[in-house]
Number of protein chains: 2
Amino acid sequence: MARVSDEPDLRRRLLDVAADVLAEEGPSALTARRLTREAGTSTMAVYTHFGGMPALVRAIVADGFARLHARVDAVPVTDDPVADLAAMAAAYRAHALAHPHLYAVMFGATTLGSFRLSHEEQQVGMAAFDQLVDGVRRAMDAGVVRRGDPASVAGQLWTALHGYTMLEQSGLHRVVDDPETGLLQPLMANLVAGLLVDPGGPGAG
Amino acid sequence: MARVSDEPDLRRRLLDVAADVLAEEGPSALTARRLTREAGTSTMAVYTHFGGMPALVRAIVADGFARLHARVDAVPVTDDPVADLAAMAAAYRAHALAHPHLYAVMFGATTLGSFRLSHEEQQVGMAAFDQLVDGVRRAMDAGVVRRGDPASVAGQLWTALHGYTMLEQSGLHRVVDDPETGLLQPLMANLVAGLLVDPGGPGAG
DNA sequence: CATGGTGCCATCACGGCGTTATGGTCCTCT
DNA sequence: AGAGGACCATAACGCCGTGATGGCACCATG
């Protein structure tokens, strides 16, 4: 089969096709044969450009982290640190809801089964986390959150946020989530409230 | 090939083999050929007893929920409701750490990719959640947690616990978790603290 | 301009996967 | 004893990821 065009960046096109297929049909459709057929080439392109399917998926995950970072980074900084934290959490959740399969692969394929992110790729993922750390630091500087280790507090917030996101995508949150009041907002609010009281308490790190 | 024995309960043996293989080699080793070879039969046994691989995995997941329920149910009830909640959280996390692949399949395979639990199986999973609701109710009765909807509060606790468990198994918690102080204990403590203050506040449901 | 080398991809083959159709065996119930 | 059905072994189909092989286009070098 002749090439679809003289498009030079086949690697980029494969990643775009993979992102589309993942978003529309889920991880099970992420096969070398499917992607290369869609891109008008043969399976060998996966190996010349990535080295195999796991490496291609890893590239997809790295892209996902980069976009998540950009999404959270776009949240403006105001003079209300708590509102900023809430806005960052909302942006995070919105990204996960907009790309559910991608989020599942990002935090599911990372797990024991298939592969592990390289150190550099983990750094990219954690850049988004650093944004949250900065937000917590601003809240501490403003006295809205008890002073302590911002990384620990940010880790707690992220943990709760990630847990809610995972449950929401599993569909299990419907069992425990009150659709009237919601669960995420009280969860974050109570966590922030717990971070305020009892100065020198257990939580601020 | 002759049968390994006249063992009648081949279905049970397949489930046991599947649990072993899952625990030792992860979800990617959960193949019909592998399991039936290990059990000394042919792939047809999967179809006569389960109807297919997705149904077999579903049975594994249902078993996992039942065992998780039993594990949390074994936590004794004392006169310290907060300590009971902490003990339940510890038991939950211990189960997840003892069976990491199983936990991943329980909350990962449930997701968009492959299948969905039946309503009845969801009920089994949620029985463990009801235990947590009871624990929260006792804490409310004792005045240790501000009175409100126990299910909402239990949902918040479970969400945080699940988020920590997932991150711990992904290995990403190493990036944000302080090995000296830990992350889960302050997270739960701050959440409980936030549930105490500001009567009539946002969180108690 | 000729030539050699190199990067890239098409084709094909291999083993493994889930699933299905078919046929045989044994158990049970009448 | 005979009929019926549950159960499983075998073989096949179409997928999958991956590796070997070969051809093609391009480019630097003489």
Side-chain angles (χ1 to χ4, degrees), chain A residues 1-22 24-61 101 105 108-109 111-116, chain B residues 1-18 20-22 24-61 101 105 108-116:
Chain A
M1 174 191 300
R3 286 196 241 169
V4 164
S5 74
D6 53 358
E7 183 133 16
D9 209 346
L10 181 54
R11 177 193 160 94
R12 184 68 246 166
R13 198 162 78 246
L14 279 176
L15 284 179
D16 290 344
V17 169
D20 282 357
V21 169
L22 176 60
E24 291 171 11
E25 303 184 33
S28 62
L30 272 188
T31 72
R33 286 174 154 90
R34 168 69 186 278
L35 298 183
T36 52
R37 199 188 321 136
E38 205 107 345
T41 177
S42 78
T43 61
M44 273 309 296
V46 171
Y47 293 86
T48 57
H49 287 287
F50 297 93
M53 277 307 293
L56 187 148
V57 174
R58 179 157 39 196
I60 292 286
V61 169
H101 293 298
V105 173
T111 188
L112 312 146
S114 53
F115 67 96
R116 293 206 166 272
Chain B
M1 175 190 302
R3 286 196 242 170
V4 164
S5 74
D6 53 358
E7 183 135 14
D9 208 347
L10 181 55
R11 177 193 159 94
R12 184 68 245 166
R13 198 161 79 246
L14 279 175
L15 283 178
D16 291 343
V17 169
D20 283 357
V21 168
L22 177 59
E24 293 171 10
E25 303 183 34
S28 63
L30 273 189
T31 72
R33 285 176 154 89
R34 168 71 185 276
L35 298 182
T36 52
R37 199 187 321 136
E38 205 108 344
T41 178
S42 76
T43 60
M44 272 310 296
V46 171
Y47 293 86
T48 58
H49 286 287
F50 299 92
M53 276 307 294
L56 187 148
V57 174
R58 179 158 40 196
I60 291 286
V61 169
H101 292 299
V105 173
T110 309
T111 188
L112 312 146
S114 51
F115 67 97
R116 294 205 166 271

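What you see is a predicted model, and the numbers here were worked out from it, not measured in a lab.
Not counting sequence neighbours, the partners of B/Asp16 by the salt bridge (Lys or Arg N to Asp or Glu O under 4.0 Å) test are B/Arg12.
Counting heavy atoms from C-beta on, the side chains of A/Leu56 and A/Leu35 come closer than 4.5 Å. With contacts defined as side-chain heavy-atom distances shorter than 4.5 Å, the pair B/Leu22/B/Ile60 qualifies.
In this structure, CD of A/Glu38 is placed 12 Å from P of D/dC16, rounded to the nearest angstrom. The interatomic distance linking A/Leu56 (CG) with D/dC16 (P) rounds to 14 Å, in whole Å. Between A/Asp9 atom CG and C/dC8 atom P the separation is 12 Å, expressed in whole Å. The distance from atom CZ of B/Phe50 to atom C1' of D/dA6 is 16 Å, rounded to the nearest whole Å. Whole-Å rounding puts the A/Arg37 CZ to C/dC9 C1' distance at 17 Å.
The residue A/Leu30 sits close only to the backbone: its heavy atoms come under 4.0 Å of sugar-phosphate atoms, none of a base.
Note on A/Thr31: a side-chain N or O is less than 4.0 Å away from OP1 or OP2 of D/dC16. Checking the phosphate oxygens (OP1, OP2) of C/dC9, a side-chain nitrogen or oxygen of A/Thr48 falls inside 4.0 Å. A sub-4.0 Å separation between OP1 or OP2 of D/dA6 and a side-chain N or O of B/His49 is absent.
For the salt bridge (charged side-chain N to carboxylate O under 4.0 Å, His left out) condition, the pairs that include at least one residue of residues 26-35 of chain A, sequence neighbours left out, are A/Glu25-A/Arg34, A/Arg34-A/Glu38.
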Detail all sub-3.5 Å separations between protein N/O atoms and N/O atoms belonging to nucleotides 19-21 of chain C.
residue	atom	partner	partner atom	Å
C/dT19	OP2	B/Tyr47	OH	2.9
C/dT19	OP2	B/Met53	N	2.9
C/dT19	O5'	B/Tyr47	OH	3.0

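Of all the heavy atoms in A/Arg13 and A/Ala39, the pair that sits closest is NH2-O, 2.9 Å.
Atom-to-atom distance recorded for B/Thr36:OG1 and B/His49:NE2 is 11.5 Å, nearest 0.5 angstrom.
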